[in-house]
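Below: the structure, in structure tokens.
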Amino acid sequence: MGREVELKYRANEAQIAAIREVCGPFHDITMETTYYDTPQRLMASRRETLRRRYENGVAVFALKTYLPDGSHGEWETEAASFPEAMEKLRAMGAPNLPDIDTLVPICGAAFTRSCCLIDVDGGKVELALDQGVLTGRGKELPFAEVEVELKEGSDDIAADFARALGEEFGLVPEPKSKFVRAMALAMNG
């Protein structure tokens, strides 16, 4: 299991453009994400998410669990099919995966991620600028956000970098994940 530490901020196009001018160089990834659960929302009740995301056309499957410290447990693998992905995730130790036959698509997102790695004192962070739409039950909600994800070093490195970035560009913290916001679309319709 990997441990994911990330901080998210709401942004607008002007803020993203300003950040792009100062940081970088960025590379772009086109992402199309579908989140899955059982019709009874078993995974959501356990605060787990299962997604298939196409990253520039390559299928990447991930299971995320929420940890008490606010970070995520994360198991991720490339796979050509759902059965192959579930087998690989189980082999990696991913817990509580339901049978494939019980899963249905719930909601999703389609966006472009511009990202770069940044060396900071004592570590590395990934800076991602995401712009696109969240989808659920036939509805779309445009979004733009900035993510800072720890890649190397202590949690404080990511928090300090994110805080300074937020202050410099007037960013507002986004406490809800893309999944939670897309799920709200799917549930309110």
Side-chain angles (χ1 to χ4, degrees), residues 1-35 49-64 66 70-80 85 107-136 140-185:
M1 168 186 79
R3 182 172 166 268
E4 181 184 55
V5 176
E6 67 181 12
L7 299 109
K8 295 177 186 283
Y9 292 90
R10 293 180 198 131
N12 59 42
E13 288 185 27
Q15 289 166 315
I16 286 179
I19 293 168
R20 187 183 288 280
E21 284 184 28
V22 174
C23 301
F26 290 89
H27 70 278
D28 290 344
I29 305 169
T30 301
M31 298 194 173
E32 294 178 34
T33 302
T34 303
Y35 295 98
T49 59
L50 178 64
R51 74 169 188 233
R52 178 186 61 205
R53 177 178 284 166
Y54 289 101
E55 299 178 4
N56 287 338
V58 176
V60 179
F61 294 78
L63 173 72
K64 289 188 180 187
Y66 291 86
S71 66
H72 301 105
E74 183 176 41
W75 296 261
E76 187 173 272
T77 188
E78 288 184 15
C107 56
F111 58 100
T112 299
R113 170 169 285 172
S114 298
C115 56
C116 66
L117 280 177
I118 298 176
D119 290 320
V120 293
D121 190 30
K124 288 184 190 262
V125 295
E126 180 182 67
L127 176 61
L129 312 175
D130 294 348
Q131 293 180 277
V133 293
L134 302 171
T135 59
E140 292 186 348
L141 178 66
F143 78 94
E145 69 184 23
V146 175
E147 286 187 15
V148 174
E149 183 175 342
L150 179 66
K151 291 297 184 183
E152 186 179 298
S154 72
D155 293 3
D156 291 340
I157 290 168
D160 292 345
F161 178 84
R163 187 173 21 263
L165 188 74
E167 288 173 6
E168 181 176 351
F169 294 98
L171 303 173
V172 175
E174 175 54 75
K176 295 179 181 175
S177 68
K178 289 178 190 71
F179 168 71
V180 168
R181 290 177 282 155
M183 180 70 113
L185 280 179

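Everything numeric here is computed off the predicted structure, so don't read it as measured data.
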Nearest 0.5 Å please: distance from the [atom1] atom of [X] over to the [atom2] atom of [Y].
X      : Y      : atom1 : atom2 : value
Ile118 : Leu127 : CD1   : CG    : 4.5 Å
Met183 : Ser177 : CE    : OG    : 9.5 Å
Leu50  : Phe179 : CG    : CZ    : 10.0 Å

Carboxylate-amine/guanidinium proximity below 4.0 Å for [X] and [Y]:
X      : Y      : value
Glu76  : Lys64  : no
Asp130 : Lys8   : no
Arg113 : Glu147 : yes

Side-chain contact test, heavy atoms from C-beta onward, threshold under 4.5 Å: evaluate it for Arg51 versus Lys178 and give yes or no.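 Arg51 vs Lys178: side chains apart.
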Val58 side chain reached by Glu78 side chain, heavy atoms, under 4.5 Å: yes
Partners meeting side-chain contact (heavy atoms from CB on, under 4.5 Å) with Lys151 (sequence neighbours left out): Leu117, Lys124, Glu126, Glu149
With sequence neighbours left out, write down each residue that passes salt bridge (charged side-chain N to carboxylate O under 4.0 Å, His left out) with Arg52, or none if nothing qualifies.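 Testing Arg52 for salt bridge (charged side-chain N to carboxylate O under 4.0 Å, His left out), a comparison that skips the adjacent residues, returns none.
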Listed partners of Arg163 passing salt bridge (charged side-chain N to carboxylate O under 4.0 Å, His left out), at least two apart: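 If we apply the salt bridge (charged side-chain N to carboxylate O under 4.0 Å, His left out) test to Arg163, skipping adjacent residues, the hits are Asp160.
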Quick one: closest heavy-atom pair of Ile157 and Val125, and the distance?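 Minimum heavy-atom contact is CG2-CG1, 4.3 Å.
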Any donor-acceptor pair under 3.5 Å linking the side chain of Tyr35 with the backbone of Ala109?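 Such a contact is absent between Tyr35 side chain and Ala109 backbone.
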Thr33 (side chain) donor-acceptor with Arg53 (main chain) under 3.5 angstrom: no
Name each donor-acceptor pair under 3.5 Å that joins a side chain in residues 10-17 to protein atoms two or more places apart or in another chain, with its distance.
residue: Arg10; atom: NE; partner: Glu174; partner atom: OE1; Å: 2.8
residue: Asn12; atom: OD1; partner: Ala14; partner atom: N; Å: 3.0
residue: Asn12; atom: OD1; partner: Gln15; partner atom: N; Å: 2.8
residue: Asn12; atom: ND2; partner: Gln15; partner atom: OE1; Å: 3.4
residue: Gln15; atom: OE1; partner: Asn12; partner atom: N; Å: 2.8
residue: Gln15; atom: NE2; partner: Phe169; partner atom: O; Å: 3.1
residue: Gln15; atom: NE2; partner: Gly170; partner atom: O; Å: 2.9

Distance-only donor-acceptor pairs under 3.5 Å for side chains of residues 19-32, two or more places apart:
residue: Arg20; atom: NH2; partner: Ser114; partner atom: OG; Å: 2.7
residue: His27; atom: ND1; partner: Cys115; partner atom: O; Å: 3.3
residue: Asp28; atom: OD1; partner: Ser114; partner atom: OG; Å: 2.5

Go through the steps for Val146 and Leu165 under the test side chain to side chain contact (heavy atoms under 4.5 Å, CB included), then give the verdict. CA-CA 10 Å; Val146 175; Leu165 188 74; 3.8 Å; yes
As a quick check of understanding, evaluate side chain to side chain contact (heavy atoms under 4.5 Å, CB included) for Leu150 and Asp155, giving each step before the final call. CA-CA 7 Å; Leu150 179 66; Asp155 293 3; 3.6 Å; yes
Which ring pair (Phe, Tyr, Trp, His ring centres under 6.0 Å) pairs, counting each pair once, include a residue from residues 108-132, with sequence neighbours left out?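 Qualifying pairs: Phe111-Phe143.
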